[in-house]
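Heavy atoms only: backbone and side chains are in, while hydrogens, waters and symmetry mates are out. So that the names make sense, note that chain A is the first sequence line, chain B the second, and so on, each numbered from 1.
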2 protein chains.
Amino acid sequence: METKPTEISSSKMFGGYNKRFKHFSTTLGCSMNFHIYFPPSSSPSYKFPVLYWLSGLTCTDENFIAKSGAQRAASAEGVALIAPDTSPRGLNVEGEADSWDFGVGAGFYLNATQEKWKNWRMYDYVVKELPKLLSENFPQLETSRASIFGHSMGGHGALTIYLKNLDKYKSVSAFAPICNPVNCPWGQKAFTNYLGSNKADWEEYDATSLVSKNKNVSATILIDQGQDDKFLPDQLFPNKFEEACRSANVALLLRFQPGYDHSYFFIATFIDDHIHHHAQALRL
Amino acid sequence: METKPTEISSSKMFGGYNKRFKHFSTTLGCSMNFHIYFPPSSSPSYKFPVLYWLSGLTCTDENFIAKSGAQRAASAEGVALIAPDTSPRGLNVEGEADSWDFGVGAGFYLNATQEKWKNWRMYDYVVKELPKLLSENFPQLETSRASIFGHSMGGHGALTIYLKNLDKYKSVSAFAPICNPVNCPWGQKAFTNYLGSNKADWEEYDATSLVSKNKNVSATILIDQGQDDKFLPDQLFPNKFEEACRSANVALLLRFQPGYDHSYFFIATFIDDHIHHHAQALRL
């Protein structure tokens with residue numbers, strides 16, 4: 001079984017390189033692409049800390065690399081960016097591409113328990129397979145120094161993965177994350193299909209539920225949320241997460257940004273702050 | 001005949017706004033989209049100078065806005081960005097979409113003289129109709145203070161339009177421009193079809209020919225060229241332009257950037273330098 005990644009493209013940017021790789025994922029049972037941004041290196045023996053970016057609904061591994069402008073600060077801070085895809089692809093599961101908010105492009109960073117969606121194991125892919133693959137194939141990455149961030153569905157992924165793996169990630173941040181998926185339409189649709197109807201199982205993938213149970217978060221969580229984001233009222237619920245953080249004595253910096261929407265234009269505007277947030281934690 | 005632009009989208013970025021507009025172009029005889037990035041304004045009566053971006057082959061008005069990251073420096077410098085489309089669209093001229101380097105998405109910023117392509121008048125659209133439209137509809141823009149830049153085919157457009165209209169633009173710059181189209185396959189294909197077989201007519205749209213004839217260029221021309229650009233050997237010919245500038249005593253800053261390709265990753269890396277270049281000229 002082929003697991004070694006093959007480089008399929010490379011473009012220099014801000015002195016470093018955006019490189020796209022393809023590999024066969026044993027976790028997901030299909031071929032997957034991911035991007036790495038390698039900052040410029042002054043020494044071949046230097047190892048970069050890694051910062052995982054989890055994208056939102058409908059995205060691939062390309063959107064963040066093409067649109068966020070994150071490479072500028074990542075180059076300056078010496079942090080490698082890792083951008084995986086958002087779901088398995090090419091498995092031809094019936095109905096996998098029928099809607100933009102479920103199935104292909106909508107893995108929700110969980111391990112599905114329902115037989116039909118058994119390949120949808122983006123949680124294990126991001127938390128286990130990908131770090132191991134990076135560690136084994138890229139000596140210039142120091143995968144033990146890792147942080148994680150994301151957008152929308154990927155913000156949900158970053159927050160939940162961080163809260164379940166405080167030993168693996170130094171810091172977390174998110175743009176417009178789905179903070180309380182058990183209570184929003186996107187989350188309820190995805191969780192019902194991937195996890196079944198037992199709502200107790202859903203809470204394992206709900207940032208607001210998880211933070212209430214976890215008293216050991218030490219790093220400040222950074223969240224930016226556009227105030228003109230059309231998904232804010234019905235899907236995102238940052239205030240629920242804020243309440244839960246307050247109850248659990250978890251430090252949260254939640255910034256509402258007036259006039260900003262849900263797009264990469266919003267992300268690009270504040271990406272430097274997020275890179276700096278993680279670079280500080282990764283240097284500690 | 002409808003010429004007033006209609007706003008079709010708006011997204012906040014770096015304190016300002018990316019806005020997309022649609023209008024009917026009387027020059028081109030079809031509906032056209034363009035983008036404006038308005039920097040943040042501290043006073044409603046302040047007027048921003050304008051910087052036109054001309055895109056390359058296959059692009060629309062969207063690529064630059066989504067991928068260049070130019071809004072960051074444009075916001076800081078207080079310069080409005082104007083990004084038009086690259087050709088007429090929707091006219092259903094036979095063969096207009098048969099190749100990626102000719103017809104739709106490939107207007108070459110000229111006025112076609114051949115009957116079949118009579119709507120391909122991107123030169124007049126960019127130099128005359130669009131500035132007039134902006135001046136009449138956007139009081140926050142000071143269209144008499146204008147500069148121009150572009151990429152590849154759009155770099156060709158920026159250089160030729162500047163050299164033919166030194167009274168209209170304060171400065172020019174380009175990324176990987178087609179510097180001598182009369183001598184490269186892209187240019188020869190386009191000019192033969194749009195302008196006919198008389199090569200004397202082609203020189204009116206060739207930066208290398210134009211700079212030789214024009215002794216009145218005062219501002220330094222800035223060009224960045226990736227050394228790993230796959231189009232460099234056969235299509236771009238920056239050295240021909242450099243020779244012509246030297247002969248004509250025109251100041252050119254031609255920077256070869258090692259390792260960079262023809263993509264927006266290259267553009268994003270050096271876009272700040274170009275914005276600063278123009279902002280300085282626009283402030284004089």
A/Arg72 and B/Asp272 have their tightest heavy-atom pair at NH2-OD2, 3.1 Å
Considering non-hydrogen atoms only, spot the tightest contact between A/Gln71 and B/Phe265 and give its length. NE2-CE2, 4.5 Å
Residue among [options] with most heavy-atom pairs under 4.5 Å to chain A:
options: B/Tyr264, B/Phe266, B/Tyr260; result: B/Tyr260
options: B/Gln257, B/His262, B/Lys67; result: B/Lys67
options: B/Ser68, B/Gly69, B/Ala66, B/Gly15; result: B/Ala66

Who among A/Ala268, A/Gly226, A/Ser10 has the most heavy-atom pairs with chain B under 4.5 Å? A/Ala268
Please state whether the side chain, the backbone, both or neither of [X] comes within less than 4.5 Å of a heavy atom of chain A.
X: B/Asp229; value: neither
X: B/Ile267; value: neither
X: B/Ser11; value: both

Counting N and O atoms only, with roles assigned by atom type, does the side chain of A/Lys12 sit under 3.5 Å from a partner on the main chain of B/Thr269, one being a donor and the other an acceptor?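 Checking the backbone N and O of B/Thr269 against the side chain of A/Lys12, no donor-acceptor pair under 3.5 Å is found.
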Within a reach of under 6.0 Å around NZ of B/Lys47, are more than 12 heavy atoms found that belong to other residues, nucleotides or ligands? yes
